[in-house]
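Quick note: numbers below take in every heavy atom, side chains included, and nothing from hydrogens, waters or symmetry partners. Both ligands and their constituent atoms are indexed starting at 1 by order of listing. Please read all numbers here as calculations on a predicted model, not as lab measurements.
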Amino acid sequence: MNRKRVALVAGGGGFIGGHLVGDLLGRGFTVRAVDVKPEQDWYQRFDDADNQVLDLRLRDACFAAVDGVDVVYNLAADMGGMGFIENNRALCMLSVLINTHLLEAALHHRADRYFFASSACVYAAEHQTSPDVTALREADAYPAMPEDGYGWEKLFSERMCRHFREDFGLETRIARFHNVYGPHGTWRGGREKAPAAICRKVSEAARSGDHTIEIWGDGEQTRSFMYIDDCVKGIWDITESDILEPINLGSSELVTINQLVDLVEEIAGVQLQRSHDLSAPQGVRGRNSDNTMILDRLGWEPSTPLREGLDVTYRWVDEQVGASSAASAA
Ligand code: NAD
């Protein structure tokens, strides 16, 4: 009889990790979800997973977490939006301990696959100085000049995955995520990314009647945003594939931040007075994902249009805003 495959989701209490745990359970895996946060702070918690609170920067914790596991998905990292990563470079770099110790543990316990969540922040800033960007191809990561702190950690950890594969035979797979959004993720507190932050601000403005919104930068910076369901499907496809090099996983539907605000306003049925904070962190001027390689190798393309994914996300964030103001009123 076939035994069920066992997966570890490191960072299982986080946004993408939580959705991945649900997906793997649905695929019939036995899942161990591990996160450093107390369980009550996990965005999603599945009773049929083996949920453990461990600090995966510690080597012993990684060896315990990987024991008996076939596939390791490393989505654990100290991260957030631009406001967080530009002001916490050392903290972001410390995530190197998580990946290093998980790789050692995966090798020791003979895991048969290892997935690492990298980021578009590995790309050199010189390719991202204009809002009218040429989409980033995988080869653009070198010569290296990634986002300081967070991006360097991702690039170094990608490299370590590659050498564990080449030198030790561990089957590593790497995706470079471009801005993922959706429900059950960070929406306040300073680590939230643009889509969740804008949904929260629009919801608060709509509820309070103070119809103003502050936008970081002039709003003409461009990005693409990938809905969480597309991301989780892509993680599965890449992990199961024979693609050995880091590969983009993102949407190529480019929008300005102002257009993102237009969409959320339309969904919420409000129109807000905008003020632009030009001194706030904005990241690179323009960024888009070139999906030629993933389309060619896996036939993968995101299937959720931005308007549709934002609709679900806005409704979830709006519920959180409502529940939080009801709790403070009580
Ligand atoms: P998230 O912050 O929601 O999830 C990360 C989880 O890792 C958190 O729950 C956190 O508590 C956990 N973690 C941090 N340090 C830990 C430790 N020492 N031990 C155990 N757990 C620890 O972020 P996310 O958006 O779900 O991101 C998941 C991965 O994808 C990260 O590696 C991130 O860098 C990468 N990524 C995300 C995006 C995006 O747009 N969300 C873009 C590029 C890359």
F29: which residues meet the ring-ring contact (aromatic ring centres under 6.0 Å, His included) condition with it, sequence neighbours left out? W236
Using ring-ring contact (aromatic ring centres under 6.0 Å, His included) as the criterion, list what pairs up with F46, not counting sequence neighbours. none
For F63, does the CZ atom have more than 12 heavy-atom neighbours from other residues, nucleotides or ligands under 6.0 Å away? yes
Out of W316, Y314, Y227, which residue meets the ring-ring contact (aromatic ring centres under 6.0 Å, His included) rule with Y181? Y227
As a test of reading the model: which N/O atoms of the protein lie under 3.5 Å from N/O atoms of ligand 1, and at what distance?
residue  : atom   : partner : partner atom : Å
ligand 1 : 3 (O)  : F15     : N            : 2.8
ligand 1 : 7 (O)  : A77     : N            : 3.4
ligand 1 : 9 (O)  : G14     : N            : 3.2
ligand 1 : 9 (O)  : D35     : OD1          : 3.3
ligand 1 : 9 (O)  : D35     : OD2          : 2.7
ligand 1 : 9 (O)  : K37     : NZ           : 3.2
ligand 1 : 11 (O) : D35     : OD1          : 2.6
ligand 1 : 18 (N) : D55     : OD1          : 2.8
ligand 1 : 19 (N) : L56     : N            : 2.9
ligand 1 : 21 (N) : V36     : N            : 3.2
ligand 1 : 26 (O) : F15     : N            : 3.4
ligand 1 : 26 (O) : I16     : N            : 2.8
ligand 1 : 32 (O) : K154    : NZ           : 2.9
ligand 1 : 34 (O) : Y150    : OH           : 2.5
ligand 1 : 34 (O) : K154    : NZ           : 2.9
ligand 1 : 40 (O) : V180    : N            : 2.7
ligand 1 : 40 (O) : K193    : NZ           : 2.8

Flag the pair E138 and R176 as a salt bridge only when some basic side-chain nitrogen lies within less than 4.0 angstrom of an acidic carboxylate oxygen. no
Expected list for residues 90-107: side-chain donor-acceptor pairs under 3.5 angstrom, two or more places apart:
residue : atom : partner : partner atom : Å
S95     : OG   : D78     : N            : 3.0
S95     : OG   : C92     : O            : 3.4
N99     : OD1  : N74     : ND2          : 3.0
N99     : OD1  : Y114    : OH           : 2.6
T100    : OG1  : V96     : O            : 2.6
H101    : ND1  : R57     : O            : 2.8
H101    : ND1  : L97     : O            : 3.2
E104    : OE1  : R59     : NE           : 3.1

